[in-house]
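This report refers to the structure that appears directly beneath it.
Heads up: numbering here begins at 1 and tracks the sequence. Whatever order the structure lists ligands and atoms in, that order sets their numbers, starting from 1.
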Amino acid sequence: MNFDSIKKVQDVDVKNKKVLVRVDYNVPLKDGKVDNNKRIVATEKTIKFLLENNCRVVLMAHLGRPKGKVVPEFSLAPVAAEVEKVFGVPVHFAKDCVGPEADKVVEAAKNGEIVLLENLRFHPEEEKNDAEFAKQLAKHGEIFVQEAFGTVHRAHASTSAIAQYLPGSIGFLVQKEVEFLGKALNNPARPFAAVIGGAKVSDKIMLLNNLLDKVNVLIIGGGMAYTFLKAKGMEVGKSLLDETKIEEAKQVMAKAQEKGVNMLMPVDFRISKEFSETAQAVVSDTIPADMEGMDIGPKTEKLFADELLKCKTIFWNGPMGVFEFPNFAQGSFSIANAMIEATKHGAISIIGGGDSVNVLKKGKIDQKAFSHVSTGGGASMEFVEGKELPGLVALAK
Ligand code: AMP
């Protein structure tokens with residue numbers, strides 16, 4: 001798709017306007033307060049730009065998965081307090097995102113102030129991309145700005161249908177993602193490697209299939225690797241295994257061979273009898289019946305790192321092991337370190353959001369050491385697959 005056909009917020013006449021902004025404020029809460037405000041701070045450039053232009057800024061967002069019902073624990077009310085702290089202007093919270101209550105709060109707010117609407121996903125119409133619901137939301141603005149990269153791969157009312165009713169543009173955060181991912185991945189410097197880990201093979205098997213059309217090297221780790229290893233005939237003990245995906249795993253491996261993609265899998269493991277924080281890691285090439293694979297082993301770390309050092313573009317999504325437990329985080333750290341090393345030698349390194357970012361936090365690994373750390377896990381993966389993202393397509397029209 002042609003990203004140049006999407007308007008940028010700085011190219012729009014925003015002065016004194018009422019601006020409806022989709023943000024990704026799906027932040028962790030603890031004891032009724034925002035526990036980590038990174039996602040709010042990430043939108044600073046766009047929100048400040050609008051406030052400096054004397055706009056009335058109306059923010060819409062989702063929190064958690066309330067599944068179309070009002071669930072008090074997923075209220076954005078605590079987020080409003082944090083938004084006020086970060087931006088230092090009055091923030092008015094509307095207890096619903098559409099209807100008379102929302103209309104009243106938006107109309108009462110002044111230019112230079114912010115309104116935060118209650119969780120969009122309290123209404124089932126949001127995730128159904130309902131046009132009438134989008135029309136109700138559109139009443140809150142004269143123009144629309146998309147600043148939630150983490151949701152642009154979803155066709156929801158606030159990301160897709162909304163663009164039928166308001167002239168739309170992308171904020172600075174989405175611009176950075178699109179520029180970076182677009183440039184690096186549309187025509188990647190080769191060899192191009194993807195490192196995919198995480199727990200569930202069912203979540204990612206389609207992704208792997210699509211990646212085989214794009215990459216030269218495909219590295220598989222994490223819990224999902226055991227379904228592939230089983231498909232190759234290895235005994236995997238109590239490790240995570242999805243029996244229903246063994247056939248598909250075989251097909252992925254056959255396609256890799258056909259396409260000449262170098263597909264690498266773990267050759268040794270850190271295994272344990274119990275799944276616990278204090279479990280000791282045993283390094284082994286095999287997995288006995290009463291043990292499970294919790295992380296890749298040192299030989300695999302070297303195998304993967306040596307391959308990554310030969311690559312010019314590297315995309316990583318999903319941990320190599322149960323990184324939340326200190327004895328099983330090493331494999332994921334080693335991928336991060338290999339990517340940093342490759343970056344020093346001129347490679348483009350991209351972290352695809354989600355749990356890989358949590359790995360960096362856990363290992364106190366500097367995010368600046370990578371070319372790009374995406375704010376959207378799902379969205380960045382769909383970008384790599386070459387899929388069109390509904391939230392961007394809607395604005396390109
Ligand atoms: P995902 O949400 O699919 O990206 O999976 C992330 C989760 O995968 C993390 O919470 C990891 O603890 C988990 N994980 C990674 N490797 C393993 C493994 N070998 N066994 C069980 N869980 C794993």
Side-chain angles (χ1 to χ4, degrees), residues 26 28 64-65 150 153 194-209 211 218-232 234-245 248-249 252 264-301 304 315-336 350-363 373-382 384-385:
N26 191 15
R65 291 190 175 161
H153 61 309
V195 185
I196 307 294
K200 276 202 180 157
V201 71
S202 56
D203 283 355
K204 290 185 183 161
I205 202 129
M206 268 301 285
L207 163 80
L208 297 176
N209 227 326
L211 281 177
L218 182 61
I219 291 180
I220 298 190
M224 56 189 262
Y226 302 98
T227 299
F228 282 89
L229 293 167
K230 181 81 182 176
K232 281 176 86 173
M234 182 179 159
E235 288 310 321
V236 298
K238 290 194 302 173
S239 308
L240 274 190
L241 173 65
D242 186 342
E243 300 266 8
T244 66
K245 294 289 166 194
E248 277 176 75
V252 168
L264 295 181
M265 260 172 284
V267 292
D268 67 337
F269 311 89
R270 290 182 170 90
I271 60 176
S272 162
K273 275 200 172 141
E274 47 169 317
F275 187 89
S276 90
E277 177 123 37
T278 51
Q280 289 302 309
V282 176
V283 171
S284 173
D285 293 354
T286 54
I287 308 174
D290 61 341
M291 296 183 87
E292 71 180 291
M294 302 277 278
D295 195 9
I296 57 174
K299 273 196 272 186
T300 308
E301 284 176 26
F304 289 179
F315 175 85
W316 175 32
N317 181 285
M320 294 292 103
V322 188
F323 73 97
E324 295 92 338
F325 300 163
N327 291 337
F328 304 101
Q330 188 49 44
S332 301
F333 294 160
S334 75
I335 293 289
I350 301 166
I351 306 276
D355 257 336
S356 311
V357 178
N358 295 334
V359 168
L360 304 185
K361 277 186 205 142
K362 196 106 195 163
V373 178
S374 176
T375 54
S380 68
M381 281 196 281
E382 295 202 8
V384 195
E385 286 178 76

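- Between Asp242 and Lys200 there is no salt bridge, since no side-chain nitrogen of the basic residue lies less than 4.0 Å from a carboxylate oxygen of the acidic one.
- For Arg270 (side chain) and Val283 (main-chain N/O), no donor-acceptor pair under 3.5 Å exists by modelled atom type.
- Test Thr300, Leu229, Val236 against Phe269 for side chain to side chain contact (heavy atoms under 4.5 Å, CB included) and you get one pass: Leu229.
- Within 6.0 Å of atom NZ in Lys232, 12 or fewer heavy atoms from other residues, nucleotides or ligands are found, so the atom counts as exposed in its surroundings.
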Could you tell me, for ligand 1, which of its N or O atoms are under 3.5 Å from any protein N or O, listing the pairs and their distances rounded to 0.1 Å?
unit_1   : atom_1 : unit_2 : atom_2 : d
ligand 1 : 3 (O)  : Ala199 : N      : 3.0
ligand 1 : 4 (O)  : Lys204 : NZ     : 3.2
ligand 1 : 5 (O)  : Ala199 : N      : 2.9
ligand 1 : 8 (O)  : Ala199 : N      : 3.2
ligand 1 : 10 (O) : Glu324 : OE2    : 2.5
ligand 1 : 12 (O) : Glu324 : OE1    : 2.6
ligand 1 : 12 (O) : Glu324 : OE2    : 3.3
ligand 1 : 16 (N) : Gly223 : N      : 3.1
ligand 1 : 19 (N) : Gly293 : O      : 3.0

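- A salt bridge links Lys230 to Glu235: at least one charged side-chain nitrogen sits closer than 4.0 Å to a carboxylate oxygen.
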Report the C-alpha separation of Met224 and Leu208 in whole Å, then their side-chain angles, then the decisive distance to 0.1 Å, and conclude whether the side-chain contact (heavy atoms from CB on, under 4.5 Å) test is met. CA-CA 11 Å; Met224 56 189 262; Leu208 297 176; 3.6 Å; yes

